[in-house]
Amino acid sequence: MMCCANDPTFALRLVSTYYLNPYPRSFTLIHLPMGTVDNTFGALLIGVVVSATLYGVTCVQTWYYFSHFSDPWYNKLLVGSMFLSDSIHQVLITHSTYTYLVTDFGSVSEIFVWSLCVEVLFNGFTGFMVQSFLTMRVYRLSNKNVIATVSVLSLVIAEFILVVTYFAKAVTFTTLNQLPQIKPLSMSVNAVAAAGDILITVFLCIFLQQSRTGFRRSDTLINKLMLFSINTGLLTTVCAVMSLISITVWPDSFIYIAFYFCMGRFYCNSLLATLNARKSIRNDSCDEHMSLSLQGVRRPITSPIGSSRIGMPNDLSIKIDTAQEYIEDEFLSAKDLKSSQSV
């Protein structure tokens, strides 16, 4: 042991023995600049860690949804399918990173792990499901506006087609050095994803803004729904834009892959947060409705002409409730809606 400590060449001989004897082809890894490793597999590892953290949040939100809400079967199917796709994606990116950094360490440039291209497909599934759900919201909230719906749906379908095309090309690769060949497809996927998320957010905010009635109860709820709509598209848009910028500025790195790893988690968590916040929105809406009802109570006034009495107009209350129920129906479940309707 003392001999090893006093021998300055011991570490060098140990590294040479490790790289040259068991894995002769890994000798090229020693000549790679450290920055290259940091920007490639270092970024890949960071992306998996961040994605795993967000996946934990997804698990908690999914549990909360199924234990606190009794939604229609199609909503439950959407959340269940989305969670399944997200779980498979996490397994795939973990497998690809483990293979490159552990199993085939030292020969990374000579192989292309199949899970690195399959994960793109499942990330596309997750994004397609969430964006389709939001497209249906645009359709219903816009009073079945065909132009708005078709424009959003075309971007959603275009993104999914690009994802499938990317997978079809990448699955034929045999080495990691071939990955830059589909760089334009990677850029297109992120650009179309960002455009779709921005368009959905803009349309939801516009149609919610048009639903204002001028009364505190409905306008307060609309403000909250607009905030949730913005939050739903903000994280995914930022992630897609950062991935697009990364692949443009650092085309030889894997930084853009790290951002793309997290896109599916942001889609899941944004939608689940919106669904799980419905009870809070409903309770606040009920409080606002009670306040409005109490303020709206008037003492009957005796008309100076004859003995007729003037009361509060009922048609105004009905109009407010109708607008309120329409907006709630787009964002809240039927069960929550019943408990928030006016008396």
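Predicted model only: the values in this text are computed from it and were never measured.
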Exercise for review: Answer whether the closest heavy-atom distance between the side chains of Phe122 and Leu92 falls below 4.5 Å.
Suggested key: yes
Exercise for review: Give a yes or no on whether Tyr98 atom OH has more than 12 heavy-atom contacts from other residues, nucleotides or ligands under 6.0 Å away.
Suggested key: no
Point to revise | Sub-4.5 Å side-chain heavy-atom contact between Phe83 and Cys59 | key: yes
Point to revise | Short side-chain donor-acceptor distance under 3.5 Å, Tyr65 and Asp71 | key: yes
**Study point:** Geometric class of the Phe173/Phe112 ring pair [parallel <30°, tilted 30-60°, perpendicular >60°]
**Key:** perpendicular
**Study point:** Within-4.5 Å side-chain heavy-atom neighbours: Leu153 and Gln131
**Key:** no
Check your understanding: Is the backbone N or O of Arg137 less than 3.5 Å from a side-chain atom of Arg140, with the two atoms forming a donor-acceptor pair by type?
Key -> no
Revision key, fill the gap. The single option from Thr236, Thr126, Asp197, Asp86 that satisfies side chain to side chain donor-acceptor pair (under 3.5 Å) with Tyr267 is Asp197
Review point. Looking at side-chain heavy atoms only, is the closest gap between Leu116 and His95 below 4.5 Å?
Key: no
Review point. Do Asn123 and Val163 have side-chain heavy atoms sitting under 4.5 Å apart?
Key: no
**Study point:** Flag if over 12 foreign heavy atoms under 6.0 Å of NZ, Lys183
**Key:** yes
Would you give me the side-chain donor-acceptor pairs under 3.5 Å for residues 247-261, sequence neighbours excluded?
| unit_1 | atom_1 | unit_2 | atom_2 | d |
| --- | --- | --- | --- | --- |
| Thr248 | OG1 | Leu244 | O | 2.8 |
| Ser253 | OG | Trp250 | O | 2.9 |

